[in-house]
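To keep things clear, I will list the structure first and then write my remarks on it.
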Amino acid sequence: MPARLQRSFYERPTLTVARDLLGRVLARRTPDGTVLRGRIVEAEAYVGEEDKACHARAGRTPRTDVMYGPPGFAYVYLTYGMHHMLNVVTEAEGRPAAVLLRAVEPTQGIEWMTGARRNGSATHGRSGEPRLHQLASGPGKLCQAYGLDLRHNRTDLIGSDLWIEEGIAAPRRGVATSARIGCETAAAPWDLMPWRFYLADSRFVTPGRASVAARKSG
DNA sequence: CTCTCGATGTTCT
DNA sequence: GAACATCGAGAGG
């Protein structure tokens with residue numbers, strides 16, 4: 001089994017972790033034993049109570065509590081009543097920060113993933129071939145492909161259900177940044193902080209809307 | 001291709 | 001009661 005990232009990886013500045021997660025491999029073992037894998041191609045940093053785009057801006061609440069805990073745990077929440085978001089808790093215990101995993105390039109367990117996403121038009125072409133580059137190109141789609149929901153909140157990523165493997169760290173030159181997507185209403189300057197990291201040449205990142213949102217703020 | 005709109009439930013005010 | 005770290009369908013060009 002490939003080497004798994006240890007807690008020390010996550011116990012670092014959140015921007016460092018977000019960038020360093022690109023090229024790593026998000027893995028899950030499902031209840032039926034299927035192993036899912038995908039290369040992380042897009043992530044966003046949310047850093048502390050002072051970051052007005054971060055959920056922790058409201059302080060420690062039942063929902064944000066996990067972000068105040070030790071690093072290397074999953075923070076999963078529901079937004080818009082239907083989409084789950086997977087975050088990785090970062091930095092030392094007591095400091096609320098996390099990295100939102102926004103997109104992966106699926107590499108293993110693809111049949112399981114497409115089965116988990118039954119809305120065929122989004123994941124399959126006319127002739128039924130899977131559209132791999134759209135399977136997990138967005139935080140909600142990523143969670144749907146991996147079958148993640150609120151039950152996975154607080155999962156220890158130094159474990160055997162959900163974890164991240166070393167993979168191959170992305171070369172610095174291949175990494176691009178932009179404002180975080182969906183944070184347009186956050187107070188300045190937090191709406192424009194360039195804390196979204198993605199592989200510039202990947203076709204697996206958030207499409208369309210991403211560039212629209214980035215353009216709007218630029 | 002672009003743009004608009006509605007779904008839907010948890011959290012916090 | 002409003003807001004929400006989104007997505008896909010449908011209409012129009």
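Note on naming: letters A, B, ... go to the chains in the order of the sequence lines (proteins, then strands), and numbering restarts at 1 for each one.
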ask   = To which residues is A/V25 joined in a hydrophobic cluster, defined by side-chain heavy-atom contacts under 4.5 Å among Ile, Leu, Val, Met, Phe, Trp and Tyr, whether direct or through other members?
value =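 None; A/V25 is a cluster of one.
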query = Hydrophobic cluster mates of A/L150, side-chain heavy atoms under 4.5 angstrom, ILVMFWY only, any path?
reply =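 Result for A/L150 is A/L78.
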query = Which pairs with one or both residues in residues 65-84 of chain A pass salt bridge (Lys or Arg N to Asp or Glu O under 4.0 Å), sequence neighbours excluded?
reply =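 The answer is A/R60-A/D65, A/D65-A/R154.
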query = With a centroid cutoff of 5.5 Å and a plane-angle limit of 30°, would you call A/Y46 stacked on C/dA5?
reply =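 Here A/Y46 meets both the 5.5 Å and the 30° conditions.
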Donor-acceptor contacts under 3.5 Å from residues 157-168 of chain A side chains, at least two apart:
| from | atom 1 | to | atom 2 | distance (Å) |
| --- | --- | --- | --- | --- |
| A/W163 | NE1 | A/E165 | OE2 | 2.9 |
| A/E165 | OE1 | A/R37 | NE | 3.0 |
| A/E165 | OE2 | A/R37 | NE | 3.1 |
| A/E165 | OE2 | A/R37 | NH2 | 2.8 |

ask   = Any donor-acceptor pair under 3.5 Å joining the side chain of A/H83 to the base of C/dA5?
value =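 No, the side chain and the base share no sub-3.5 Å donor-acceptor pair.
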inquiry  = Would you say A/R102 places a side-chain N or O within less than 4.0 Å of OP1 or OP2 belonging to C/dT6?
reply    =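 Yes, because at least one side-chain N or O of A/R102 sits under 4.0 Å from OP1 or OP2 of C/dT6.
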ask   = Taking only side-chain nitrogens and oxygens of A/T185, does any of them come within less than 4.0 Å of OP1 or OP2 of C/dC4?
value =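 Result: yes.
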task = Would you mind reading off the distance between A/Y75 atom OH and B/dT10 atom C1', rounded to a whole angstrom?
result =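 Rounding to the nearest Å, OH of A/Y75 and C1' of B/dT10 are 11 Å apart.
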task = Look at the side chain of A/C183 and decide which nucleotide, out of B/dC12, C/dC7, C/dA5, has an atom nearest to it.
result =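 Nucleotide nearest to A/C183's side chain: C/dA5.
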key: Sequence-distant partners of A/R7, side chain to side chain donor-acceptor pair (under 3.5 Å), two or more places apart   =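 Only A/D156 meet the side chain to side chain donor-acceptor pair (under 3.5 Å) criterion with A/R7.
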Base-paired stems in DNA chain B, each at least three Watson-Crick or G-U pairs under 3.5 Å =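 Stems (3+ consecutive pairs) listed as B:1-7 with C:6-12, B:9-12 with C:1-4.
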key: First of A/L150 and A/M82 reached from the 5' end of DNA chain B, by closest nucleotide   =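 By nearest-heavy-atom nucleotide position, the 5'-most residue is A/M82.
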request  = Give A/L100 one of three labels, base, sugar-phosphate or nothing, depending on what nucleic acid heavy atoms sit under 4.0 Å from its own.
outcome  =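 It contacts base atoms.
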inquiry  = Just checking A/E111: does its CD atom have more than 12 heavy atoms from other residues, nucleotides or ligands closer to it than 6.0 angstrom?
reply    =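 Not buried by this count: 12 neighbours or fewer within 6.0 Å.
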